[in-house]
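Keep in mind the model is a prediction, meaning the values are calculated, not measured. First the proteins, then the strands, lettered A, B, ... as listed; each starts at 1.
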Amino acid sequence: MADLTALVREVVGGNPGVMGALVFDDEGRVEASVGTDDGMVEAAVAMCVPLREMLERATASLGCGEMRSTLVQGSKATLAVSDIDGIQAVAVMGVEGAAPGPLLQDSVWLARRLRDGGRR
Amino acid sequence: MIELITIAAGVGMGAVGCGVGMLIGRRGEARRAALDLEDHRIDADRAAENHRRDVEALSRALDELRGRAAISLAGSLPRDAAPDRPTARALERFPARLRGLATVDEAVVAQADGLLATPVDDAQLARAATLVADLGPLCDMRLPGFIGLTVERRGQDPLTYRLLPDWTGGAWLVVAGRGGPVNGLALDTAIAGAFVGQNHVPPSQMLTGRAPPPASTPSILDMDGAFQAAAVVADGELVAYGAIGGPARDVMAHMVPGLVALAGRVRHWCGAPLTLRLDNPHGEWLVWSPLSDGRALVVVGAGPVVDELALERLRGRVRRITTTSVVEVEDFQIEEQAS
């Protein structure tokens with residue numbers, strides 16, 4: 001897998017709305033994280049793993065195909081999740097007030113770059 | 001005898017001197033002929049280059065006319081009243097009018113929050129459209145009154161951004177040109193033609209703060225009057241400025257942080273820009289042109305076309321002034337104010 005730290009640094013340099021990012025799998029294992037503390041990683045994984053599972057089922061039932069990305073927009077913070085390879089996914093966390101579009105685009109871009117970079 | 005030898009030697013020296021003189025003369029003639037030939041070659045090259053540029057300009061003008069005529073045609077379709085909210089069906093009307101035109105590769109609408117409002121298959125354009133989330137706030141605060149942006153990139157099709165009318169809630173139309181940039185005025189026609197009663201003319205800061213007309217032509221500016229104002233930006237600061245009735249220095253200085261931020265965001269979402277052109281609804285434009293040493297040239301003018309040759313000449317002049325001799329540029333400014 002490509003170097004997440006370098007990629008996230010590139011994203012943060014161009015998009016000040018990004019606070020950090022993490023890569024996790026469908027069993028909740030965290031492969032890498034940048035710009036996040038332990039508590040934040042734990043909370044994000046606790047939300048993202050069941051969310052992905054539920055959305056996968058829902059999209060399959062609705063005939064939407066494989067789920068590529070989703071955006072969780074809170075009143076204070078926004079989280080964008082994009083699928084890497086069906087098992088792993090990348091979550092991009094925004095700072096307070098960050099616009100959702102750029103977060104979603106950067107999570108899609110990170111997922112693509114991590115997928116293209118191959119597995120470790 | 002000695003006298004005869006002296007005379008003979010004198011005649012001999014004279015002949016040698018004459019011969020050398022003729023040789024030098026011939027060499028001088030040869031050099032002049034070579035210089036004439038070189039001048040002739042330079043003139044011929046210049047004429048050929050001018051001819052090539054004329055043909056290119058004509059071809060561009062023809063393309064623009066074709067594009068404008070086609071878009072005007074698209075703009076003359078039957079119109080409904082502008083909707084009161086940005087529904088997907090209403091927003092789709094803008095790119096739908098442009099698709100299929102010769103000068104348009106693809107078009108999409110992005111909402112103020114950077115999310116796409118209309119579908120697009122082109123992943124690069126989808127990413128480029130995300131710039132709208134930064135462009136909107138910048139045009140509200142640091143770059144007020146601008147409603148259009150054209151991004152020229154090396155080796156990639158240019159992108160044109162246009163702010164859509166108020167009822168869209170700050171959405172922008174993003175168009176990838178085919179070969180060259182899509183004419184902004186033609187896009188305005190298409191936008192105005194989509195619905196009835198949706199004019200949108202925000203106030204422009206550039207129009208309110210004008211520099212007084214100078215007594216003589218400022219040195220930093222091109223002499224042919226292609227630009228109303230010019231400035232050099234280094235390390236995020238305005239380090240040189242000159243104007244012929246263009247925006248005042250403090251107006252330009254106010255815009256510099258916005259321009260630096262915009263250039264950074266464009267690099268992130270669209271790739272490194274060759275030039276950025278911002279347009280306001282009053283026909284005025286501002287061009288941000290990065291130089292190779294990290295500095296950037298900013299020029300302001302009016303009218304549909306930016307004089308590319310004048311811009312290149314000015315870039316060349318500014319490029320020759322190194323960062324360490326920025327004071328020299330400031331001297332031009334002082335010279336301009338003093339005269």
Options Ala99(A), Gly17(A), Pro100(A), ranked by heavy-atom pairs under 4.5 Å with chain B, top entry: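 So the answer, after comparing Ala99(A), Gly17(A), Pro100(A), is Pro100(A).
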
Side chain, backbone, both or neither: which part of Ala126(B) has a non-hydrogen atom closer than 4.5 Å to chain A?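 Both backbone and side chain.
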
In terms of heavy-atom proximity below 4.5 Å to chain A, should Arg127(B) be classed as side chain, backbone, both, or neither? both

What do you reckon, are the aromatic ring centroids of Trp167(B) and Phe195(B) less than 6.0 Å apart? yes

Between His268(B) and Asp106(A): side-chain donor-acceptor atoms closer than 3.5 Å: yes

With Phe24(A) as reference, evaluate Val81(A), Val90(A), Ile87(A) under the side chain to side chain contact (heavy atoms under 4.5 Å, CB included) test and give the passing residue.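 Of Val81(A), Val90(A), Ile87(A), side chain to side chain contact (heavy atoms under 4.5 Å, CB included) with Phe24(A) is met by Val81(A) alone.
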
Electrostatic pair Asp80(B):Arg93(B) at N-O distance under 4.0 angstrom: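 A salt bridge links Asp80(B) with Arg93(B).
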
Is chain B contacted by the side chain of Leu103(A), its backbone, both, or neither, given a heavy-atom distance below 4.5 Å?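 Answer is neither: Leu103(A) stays 4.5 Å or more from chain B.
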
